[in-house]
Amino acid sequence: MARILITSALPYINGIKHLGNLVGSQLPADLYARYMRQRGHEVMFICATDEHGTPAELAAAKTGEDVAEYCARMHDVQAELAEGFRLSFDHYGRSSSARNHALTQHFAGKLAENGLIEEVSEKQVYSHADGRFLPDRYIEGTCPNCGYDKARGDQCENCTKQLDPTDLINPRSAISGSTDLEVRETKHLYLRQSLLKDEIDRWIDSQTDWPILTTSIARKWLHDGDGLQDRGITRDLKWGVPVKKGDADWPGMEGKVFYVWFDAPIEYIAATAEWADANGKSDADWERWWRTDKGGNDVRYVQFMGKDNVPFHTLSFPATIMGSREPWKLVDYIKSFNYLNYDGGQFSTSQGRGVFMDQALEILPADYWRWWLLSHAPENSDSEFTWENFQASVNKDLADVLGNFVSRVTKFCRSKFGEAVPAGGTFGPAEEALIADLTPRIRAYEAHMEAMEIRKAAGELRAIWVAGNEYLQSAAPWSAFKTDPETAAAQIRLALNLIRLYAVLSRPFIPDAAASMLAAMQTRDDSWPDDVPAALAALPSGHAFTVPDVLFRKITDEEREGWQEKFAGARV
RNA sequence: GGGCCUGUAGCUCAAUUGGUUAGAGCAGAGCGCUCAUAACGCUUUGGUUGGGGGUUCGAGUCCCUCCGGGCCUACCA
């Protein structure tokens, strides 16, 4: 038994996430966590809402709420949706927690002690009307290069030229439109990542089995131009972790907070402490996951995220950990994902284009989405959601191949033998062949799950379901029953046991359907099929079962067309 | 501009890292079965691996070039 620490990239607080966000981090992390638990490993699966930063403040202002209230409310909304998708977090924390405040300040203090923090005076644009400093991209104006009048302060979207906010002609606040702007001197802390470049570089080089997507993004940032650049880790905002050096004040940094990307990854650790607090555990209970001097050396730490998050997880967070010179756990494996597109374009939170988590659950149960998203996870390149593909995949895989298998077996048994596993008969060559086929398939499925090859795992699982239908066709218990009911009984006994086996194997992908299948088989035996022949004898003769309701109803053409239309444009 | 990823059957994707005749699923066609959610099974059509050139006994895989798609480029997170 191993100990596995799993974190999913933290969803930002600012609104409900779409399916692209879901499939890029939380959902595959859940698949892995569920699988590892089922294999008997000790799992700590952590997620949290990422609550700081300018967009959170602006979103709160828009609804008229205090930012703390807004975040508390949206945290609950996201937690409920996570529950709806059956994301099995051990703890769903908040980056605004007291634990994270303390830990973030602690790390900053250690980094300062180790000479890795630099105070830098710089000029930033202040908006009088908004009462705040503006990040570069919140300043709009006319591009000096191409004349585009909605150029942002960091870059012109029209001609792609990199800009400085002071380059803009007629600059204005993107928040209020105010032109009452002023360039002010302000002091910020920089994390001197450049001093850790070689250390990080060697660490990345030693990760030979990471996805190319992960290492290539890390190397780009390490080697591009002048190499890894120092990074500002404070902001002039009100909402966030106040800048402190451990417990002590930080002279000259009053009224400033840490940059959200400094405190967000630290929340992985802090959320584990929140877990301990919430469950009456001690510090030692969470430290054994995170401190290599307190038991964490045995832990395998795996992170899941979309490709946009990779730089922060391969560079800045490791720089924080390494630079502390304290024995914190570094990540062992980073599983990163490309983007899921929506019907020929991108999912867009701002334009309301695509399907969002709340809408998805209003339409269909979580298992439908889990199966499609995971079996089409954008592992090697961006992938695309279309309603046609969704309908076809879900109807075929879930309704026809798996659901109908359960249905045909249980209904046949009920009508011929009654609602209990029939006795009599013996296994012949067809049964031996099925078992011989299933064993290597299950081993392959396990290997794909271990390797986080999600599409391949889904494909193998589906093939395992298909094997059941192939077996039924060749055994044809409906024919055998007419001349040799004993043989038919043995065949159906095996088929009923297949349902239990499928429930166990399928649970990481479709937990609700798996639970329904186990409930219908009236068994709590959900042990993993290390021994396949034994697993197929788990339900003995005479064991009562029930015929379940249709596991997966089909998506009709009318529904599909309606959804296509409904989700094409802006969100209502 | 620079960098990275990507292009394989109508669609979605594989191909043990350079090895024999490029494979699956879906869709299409044909046959079979009748237990089942008109479900299932079997067979089958379909590819100049984006174009061109090169290295090699051998290239989907490596190199060059052109074309297309996507992402990143450090103050959104």
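A, B, ... follow the sequence lines: proteins, then strands. Residue 1 opens every chain.
- Under the Watson-Crick or G-U wobble criterion, with both distances below 3.5 Å, C33(B) is left unpaired in every strand shown.
- Thr186(A) and Lys256(A) share a donor-acceptor pair across their side chains, judged by distance under 3.5 Å alone.
- Here C5(B) presents its P atom at 11 Å from CZ of Arg219(A), a figure rounded to the nearest Å.
- Comparing G68(B) with G25(B), their P atoms are spaced 35 Å from each other, to the whole Å.
- Residue Glu388(A) is classed as having no contact, given no heavy-atom separation below 4.0 Å to the nucleic acid.
- Lys220(A) comes within 4.0 angstrom of a nucleotide base, judged by non-hydrogen atoms across all strands.
- Using a 90° window around 0 for the glycosidic torsion, U17(B) falls inside it and is classed as syn.
- One can place CZ of Phe337(A) at 18 Å from C1' of U6(B), the figure rounded to the nearest angstrom.
- Between Asp308(A) atom CG and C72(B) atom C1' the separation is 10 Å, expressed in whole Å.
- Going from the C1' atom of U21(B) to that of A27(B) covers 26 Å, rounded to whole Å.
- When only modelled atom types and interatomic distance are considered, Ser194(A) and Asp230(A) share a side-chain donor-acceptor pair under 3.5 Å.
- U34(B) and G50(B) are spaced 46 Å apart, taking the P atom of each and rounding to whole Å.
- Here Ser383(A) lies in heavy-atom contact (under 4.0 Å) with sugar-phosphate atoms only.
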Quick one, give me the B/S/- string for nucleotides 34-43 of chain B, reading 5' to 3', where B means a protein heavy atom under 4.0 Å from the base and S means that only happens at the primed atoms, P, OP1 or OP2. SBBB-SBSS-
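- The C1' atoms of C35(B) and U44(B) are separated by 27 Å, rounded to the nearest whole Å.
- Between Arg553(A) and Glu559(A) a salt bridge is recorded (basic side-chain N to carboxylate O distance below 4.0 Å).
- When His448(A), Arg443(A), Arg441(A) are each tested for a side-chain hydrogen bond (donor to acceptor under 3.5 Å, both in side chains) with Glu460(A), only one passes: Arg441(A).
- Note: Phe405(A) and Tyr502(A) have tilted aromatic rings, judged against thresholds of 30 and 60 degrees for the angle between ring planes.
- Nucleic acid contact for Pro477(A): none, since no nucleic acid atom lies under 4.0 Å from a heavy atom of the residue.
- Gly227(A) comes within 4.0 angstrom of a nucleotide base, judged by non-hydrogen atoms across all strands.
- Base pairing annotation: G58(B) forms no Watson-Crick or G-U wobble pair, as no partner gives both donor-acceptor distances under 3.5 Å.
- His376(A) comes within 4.0 angstrom of the backbone, heavy atoms only, and of no base.
- Taking only side-chain nitrogens and oxygens, Tyr339(A) never comes nearer than 4.0 Å to OP1 or OP2 of C5(B).
- The closest side-chain donor-acceptor pair between Asn21(A) and Gln26(A), if any, does not fall under 3.5 angstrom.
- Using a 4.0 Å heavy-atom distance criterion, Glu122(A) is classed as a base contact.
- In this structure, Arg152(A) does not reach the C75(B) phosphate: none of its side-chain N or O atoms is under 4.0 Å from OP1 or OP2.
- What separates CG of Asn338(A) from C1' of U6(B) is a distance of 9 Å, to the nearest Å.
- Ser393(A) and Asp397(A) share no side-chain donor-acceptor pair at under 3.5 Å.
- Nucleotides C66(B) and C4(B) have their P atoms positioned 15 Å apart, rounded to a whole Å.
- Judged by closest nucleotide on RNA chain B, Ile217(A) is the one of Gln193(A) and Ile217(A) placed further toward the 5' end.
- Counting only N and O atoms by type, the side chains of Trp210(A) and Thr314(A) include no donor and acceptor under 3.5 Å apart.
- Spacing between atom CG of Asp397(A) and atom C1' of U12(B) amounts to 11 Å, rounded to whole angstrom units.
- Remark: P of C75(B) and CG of Asp236(A) are 15 Å apart, rounded to the nearest angstrom.
- U49(B) and G2(B): their P atoms are spaced 30 Å apart (whole Å).
- In this structure, CG of Asp557(A) is placed 14 Å from C1' of A27(B), rounded to the nearest angstrom.
- Shown here, U8(B) forms no base pair; nothing in the strands shown gives a Watson-Crick or G-U wobble contact with both key distances under 3.5 Å.
- Spacing between atom CG of Leu340(A) and atom C1' of U12(B) amounts to 13 Å, rounded to whole angstrom units.
- When the P atom is compared between C63(B) and G30(B), the two are found 46 Å apart, to the nearest whole Å.
- A donor-acceptor pair under 3.5 Å links the side-chain atoms of Thr214(A) to the main chain of Ile334(A), judged by distance alone.
- Between A9(B) and G28(B), the two C1' atoms lie 12 Å apart (nearest whole Å).
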